[in-house]
Amino acid sequence: MAARAIQAVVYHGPMDVRVEQVPLPVCSEGALLVKVDACAVCGSDMKTYLSGNPRMRPPIVMGHEFSGIVVETRACGFVVGERVVMATSVSCGECAYCARGWKNLCVNLRPMGFGYDGGMAEYVLIPAQAVNNGHAIQVPPSLHANSACLAEPVSCAVNSCENSGVKPGDTVLVMGAGPMGILNALVARHYGATQVVLSEINPERLEQAAAFGFDRLVNPAAEDLAAVIGGLTDGYGADVIVVAAPAAAPQEQAPALVRKHGTVCLFASLPHDRRMISLDSRLLHYGELRVVGTSDSTPEHVRKAVGILGDPTFPADRMVTHELPLDGFHESIALMQAGVALRVVLKP
């Protein structure tokens with residue numbers, strides 16, 4: 001008997017992503033079969049479509065920012081009918097980093113949509129390894145699907161803010177006002193930052209960010225960012241700077257904008273062929289600065305993200321600017337390239 005076919009967004013190679021029929025996943029021992037109710041399209045999906053990704057072995061179903069309803073379970077702790085999200089970079093649970101709780105740094109990561117079929121489909125299988133290692137996270141019924149599917153990107157900002165030590169009373173500068181820059185700024189505000197400043201050279205991005213009510217928006221091409229930060233901090237500098245722009249210049253500038261004993265977080269990755277930067281070592285030395293990297297998130301970060309998204313003061317609804325059906329994947333890429341979308345959510 002032929003397997004039931006479902007619709008999915010399948011990566012075949014750079015510039016070759018097709019919306020096609022694939023077999024319904026079989027719920028194996030220890031796994032969860034989930035009916036997807038929302039899957040967001042993120043910047044890494046766009047980069048994969050445009051340039052490919054060496055971690056992906058086509059054909060594979062794309063998508064890692066998803067939420068859905070359990071329709072079949074062969075795993076303990078889950079019941080049919082509950083909504084779940086994921087910490088979507090599935091860890092091995094056995095390496096030295098997993099043993100220390102750093103599941104996002106696992107040496108054998110297999111992300112959903114990269115190592116496993118992802119959530120841009122009518123149904124997705126959450127594999128037993130993900131369930132066993134705590135990567136499937138229950139979501140309260142009250143949390144809307146469009147908010148729940150943001151748990152993964154919000155969790156990355158949770159990791160960033162916790163790794164940077166953001167605390168009540170801080171002045172936080174986020175450099176880059178793309179979707180992840182905005183989420184970092186929102187999470188910093190949630191963690192109690194008194195002043196949240198967002199810098200961005202793209203006027204359209206700044207206009208989008210204006211809807212979120214941050215304390216100051218700065219276009220460094222038109223204003224002296226150092227003077228603005230100095231004016232807001234009596235000349236001391238920001239307590240924390242999160243560089244969410246994938247460019248060398250803001251990474252190099254950040255140490256001159258943070259106070260002594262402050263923290264610079266390199267959140268956005270630079271392109272592989274342009275990954276080298278220059279830093280003023282004297283600023284790091286005499287200012288006793290911390291420069292940290294932040295990559296991905298753990299299941300615990302995702303649990304915290306779910307709690308944040310459930311806070312009625314957190315403007316998750318403003319992050320989702322467009323809804324499209326699954327066969328609108330290519331339209332979603334066009335919207336993102338045009339800079340008019342923050343998050344596009346595909347609805348199976």
Side-chain angles (χ1 to χ4, degrees), residues 38-47 64-67 85-89 104 137 139 143-164 166 170 172-193 195-200 202 204-217 240-246 250 265-269 292-298 300-322 336 339-345:
C39 186
V41 185
C42 84
S44 64
D45 296 319
M46 181 173 69
K47 285 188 285 187
H64 58 279
E65 297 182 4
F66 64 87
S67 74
V85 295
M86 281 192 71
T88 51
S89 289
N104 57 314
I137 313 295
V139 175
L143 190 60
H144 191 277
N146 283 8
S147 296
C149 74
L150 299 179
E152 194 278 338
V154 170
S155 74
C156 294
V158 169
N159 187 14
S160 170
C161 287
E162 293 194 347
N163 210 8
S164 303
V166 174
D170 277 354
V172 175
L173 167 64
V174 178
M175 304 178 79
M180 290 311 305
I182 291 174
L183 283 178
N184 268 282
L186 289 172
V187 173
R189 187 165 66 186
H190 184 87
Y191 272 57
Q195 295 189 104
V196 177
V197 182
L198 201 57
S199 68
E200 171 63 58
N202 184 325
E204 287 77 20
R205 287 291 195 200
L206 282 179
E207 186 175 348
Q208 288 175 322
F212 294 89
F214 298 120
D215 298 284
R216 189 72 157 80
L217 302 177
V240 172
I241 297 177
V242 178
V243 185
C265 175
L266 305 184
F267 180 87
S269 175
V292 301
T294 293
S295 175
D296 215 315
S297 62
T298 67
E300 183 58 29
H301 294 134
V302 176
R303 290 186 188 92
K304 291 179 180 179
V306 169
I308 291 171
L309 287 162
D311 184 336
T313 67
F314 192 86
D317 56 329
R318 296 181 194 165
M319 286 300 302
V320 177
T321 54
H322 298 78
M336 294 167 69
V340 299
L342 290 177
R343 269 297 186 269
V344 180
V345 169

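No side-chain heavy atom of C161 sits less than 4.5 Å from a side-chain heavy atom of H190. Taking 4.5 Å as the limit, some side-chain heavy atom of L150 sits within range of a side-chain heavy atom of V320. The shortest distance between side-chain heavy atoms of I308 and Y191 falls below 4.5 Å. Proximity of V154 to V187: side-chain heavy atoms (C-beta onward) are separated by under 4.5 Å at one or more points.
Taking A145 as the reference, D37, A38, S67, R83, K347 meet the side-chain contact (heavy atoms from CB on, under 4.5 Å) condition, with sequence neighbours excluded. Listed by chain and residue number, nothing satisfies the salt bridge (Lys or Arg N to Asp or Glu O under 4.0 Å) test with D296 (two or more places apart in sequence, or in another chain). Evaluation of the side-chain contact (heavy atoms from CB on, under 4.5 Å) rule for T88 yields H64, F66, M86, M112, E152 as partners, not counting sequence neighbours. Residues meeting the salt bridge (Lys or Arg N to Asp or Glu O under 4.0 Å) test with E204, sequence neighbours left out: none. Listed by chain and number, the residues in a side-chain hydrogen bond (donor to acceptor under 3.5 Å, both in side chains) with S155 are S297 (sequence neighbours excluded). Every salt bridge (Lys or Arg N to Asp or Glu O under 4.0 Å) that R216 has, sequence neighbours left out, goes to E223. When the side-chain contact (heavy atoms from CB on, under 4.5 Å) test is applied to A245, the partners found at least two apart in sequence or on another chain are P250. For R303, the salt bridge (Lys or Arg N to Asp or Glu O under 4.0 Å) test picks out E300, with sequence neighbours left out. For L217, the side-chain contact (heavy atoms from CB on, under 4.5 Å) test picks out L198, L206, A209, A210, F214, with sequence neighbours left out. Evaluation of the side-chain hydrogen bond (donor to acceptor under 3.5 Å, both in side chains) rule for T294 yields N163 as partners, not counting sequence neighbours.
Among residues at least two apart or in separate chains, there is no side chain to side chain donor-acceptor pair (under 3.5 Å) pair with a member in residues 38-47.
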Next item on the list: Check the pair N159 / F267 against side-chain contact (heavy atoms from CB on, under 4.5 Å), numbers first and verdict last.
Entry: CA-CA 10 Å; N159 187 14; F267 180 87; over 6 Å; no

Notebook entry, point to check: Going through the distances and angles, do S147 and F314 end up as a side-chain contact (heavy atoms from CB on, under 4.5 Å)?
Noted result: CA-CA 10 Å; S147 296; F314 192 86; over 6 Å; no

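Of the possible polar contacts, none joining the N104 side chain to the T298 backbone as a donor-acceptor pair under 3.5 Å is found.
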